[in-house]
Amino acid sequence: MSAVDMAPAARSENADALDRQARAEQRRLLSLSLPAFILVGSLVLVPIGWLFWLSIYGTDGFTLENYTRLMHPSYKITLITTFELAFLVTGLCILLGYPVAYLASQLGPRMSSIVLLCVLFPFWTSLLVRTYAWLVLLQRKGLINTWLMDMGLIEAPLKLVHNFTGTTIGMVHIMLPFFVLPLYASMKTVDLDLMKAAANLGASPIKAFWQIYVPLTLTGLGAGVILVFVLSLGFYVTPALLGGGRVMMWAMQIERSMAVYADWGAASALGVVLLVMTLGILWAFGRLTGAFAATGGK
């Protein structure tokens, strides 16, 4: 056999050896990460499985009563309220947080630090304290209504608390840092020379921003949206205090099912349905942002 004929066979043997080496490396990495998988499974997957089991198994065996009960109008109203509030808070965080993150990413190191310090300042205060602070500010005789009446802008106090408006204001204030931080980190990785190149090719600043800059920040935008949306769905303290019992979310419904009625099956069914709907929305959001990035923002 000539050297020319032996070359393909040698390359094939080398490729097979590299494949075996790669598979062995993957097995070693998997064995190293096995304790982490066991920990995640114990702390996340097992409780979710137990939650699902409680929702379909009662004292009389398997049952779908806990799920059929969710068709009651009261559960539908609270579900709609929960998602309306989560979508509204997420949308407001995008409108308010994107300019702030963009400003922080374009400023110099010192001014950028000052902007981020203002964003992070709420983290230094307890969630309960911040919620009560908004309660003081927004109530009928609070500071905001008092200032507006003293300036003659309103004649009667505005209803800013114990309703949907007050709950939204408090949640946006708490959730905004969770949106700004991952978006800022993504913006700092964008090469600004790409914007200059787009301008040299004739693109207007607005067109370059939407077709170049925004798609490059979709990773941070998506991370911020997911954080804000998921946390908003499970929020309890702020809606309970600023909502005044008029804004009922599913987290409050779950707590009531367990604390008041001691019905773990109904609470588990609520949690399972909320989890499934949340995963479905996040999957759709991932497909949407992926399609947007693939088309270059067009």
Side-chain angles (χ1 to χ4, degrees), residues 85-127 129-131 133-134 137-138 144 147 165 167-233 235 238 281-298:
L85 192 57
F87 279 116
L88 179 59
V89 170
T90 305
L92 291 175
C93 285
I94 294 174
L95 292 178
L96 297 175
Y98 203 98
V100 173
Y102 181 76
L103 176 65
S105 66
Q106 300 301 311
L107 293 174
R110 179 175 298 180
M111 294 302 299
S112 177
S113 300
I114 294 175
V115 174
L116 291 178
L117 183 65
C118 295
V119 172
L120 291 172
F121 186 76
F123 278 150
W124 298 352
T125 310
S126 169
L127 171 64
V129 173
R130 281 179 280 167
T131 303
W134 277 112
L137 292 172
L138 299 175
I144 294 179
W147 289 341
T165 302
T167 305
T168 302
I169 293 173
M171 289 184 62
V172 168
H173 171 247
I174 294 170
M175 292 297 175
L176 196 57
F178 292 100
F179 177 81
V180 172
L181 293 179
L183 182 58
Y184 169 79
S186 178
M187 287 180 172
K188 291 297 290 183
T189 63
V190 176
D191 188 359
L192 297 181
D193 289 339
L194 296 175
M195 302 290 291
K196 298 177 182 178
N200 290 333
L201 293 174
S204 64
I206 296 178
K207 189 173 183 180
F209 178 80
W210 281 105
Q211 294 190 358
I212 303 297
Y213 193 84
V214 172
L216 291 175
T217 61
L218 280 182
T219 302
L221 178 65
V225 167
I226 290 173
L227 278 173
V228 173
F229 182 74
V230 172
L231 291 175
S232 297
L233 287 177
F235 233 64
T238 302
I281 292 175
L282 293 181
W283 174 83
F285 174 77
R287 295 292 299 270
L288 180 63
T289 53
F292 182 81
T295 56
K298 297 180 180 180

Exercise. What residues, two or more places apart in sequence or in another chain, satisfy side-chain hydrogen bond (donor to acceptor under 3.5 Å, both in side chains) together with Thr168?
Worked result: none
Seminar exercise, completed: Contacts of Phe235 meeting ring-ring contact (aromatic ring centres under 6.0 Å, His included) (sequence neighbours excluded), chain-then-number -> none
For this session: With sequence neighbours excluded, give me every side-chain hydrogen bond (donor to acceptor under 3.5 Å, both in side chains) pair touching residues 183-193.
Result: Ser112-Tyr184
Seminar exercise, completed: Sequence neighbours excluded, the answer for side-chain contact (heavy atoms from CB on, under 4.5 Å) partners of Leu216 is Val190, Leu194, Ile212
Exercise. Got a sec, which pairs hit side-chain hydrogen bond (donor to acceptor under 3.5 Å, both in side chains) with one end in residues 89-102, sequence neighbours left out?
Worked result: Tyr98-Thr217
Exercise. Considering only heavy atoms from C-beta outward, does the side chain of His173 approach that of Thr238 to under 4.5 Å?
Worked result: no
Problem set entry | Residue list, side-chain contact (heavy atoms from CB on, under 4.5 Å) with Leu282, at least two apart or on another chain | Ile226, Phe229, Val230, Thr278
For this session: With sequence neighbours left out, write down each residue that passes side-chain contact (heavy atoms from CB on, under 4.5 Å) with Leu201, or none if nothing qualifies.
Result: none
Problem set entry | Set of side-chain contact (heavy atoms from CB on, under 4.5 Å) partners for Ala133, sequence neighbours left out | none
Exercise. Does Leu227 reach the side chain of Phe179, with side-chain heavy atoms less than 4.5 Å apart?
Worked result: no
Seminar exercise, completed: Closest non-hydrogen atoms of Tyr213 and Gln106, given as atom of the first, atom of the second and distance, are OH-NE2, 3.6 Å
Problem set entry | Nearest non-hydrogen partners of Pro99 and Ile94, listed with the distance | CD-O, 4.0 Å
With a cut-off of 3.5 Å and sequence neighbours excluded, list every side-chain donor-acceptor pair involving residues 115-126.
from	atom 1	to	atom 2	distance (Å)
Ser126	OG	Leu128	N	3.3

Problem set entry | Nearest heavy-atom neighbours spanning Met175 and Cys93 | CB-SG, 3.9 Å
For this session: Would you check if Trp134 and Ile174 make a side-chain contact, meaning some heavy-atom pair closer than 4.5 Å?
Result: no
Seminar exercise, completed: The reported gap from OG1 in Thr165 to CD1 in Ile169 (rounded to nearest 0.5 angstrom) is 6.5 Å
Seminar exercise, completed: Residues at least two apart in sequence or cross-chain that pass ring-ring contact (aromatic ring centres under 6.0 Å, His included) with Trp283, listed by chain then number, are none
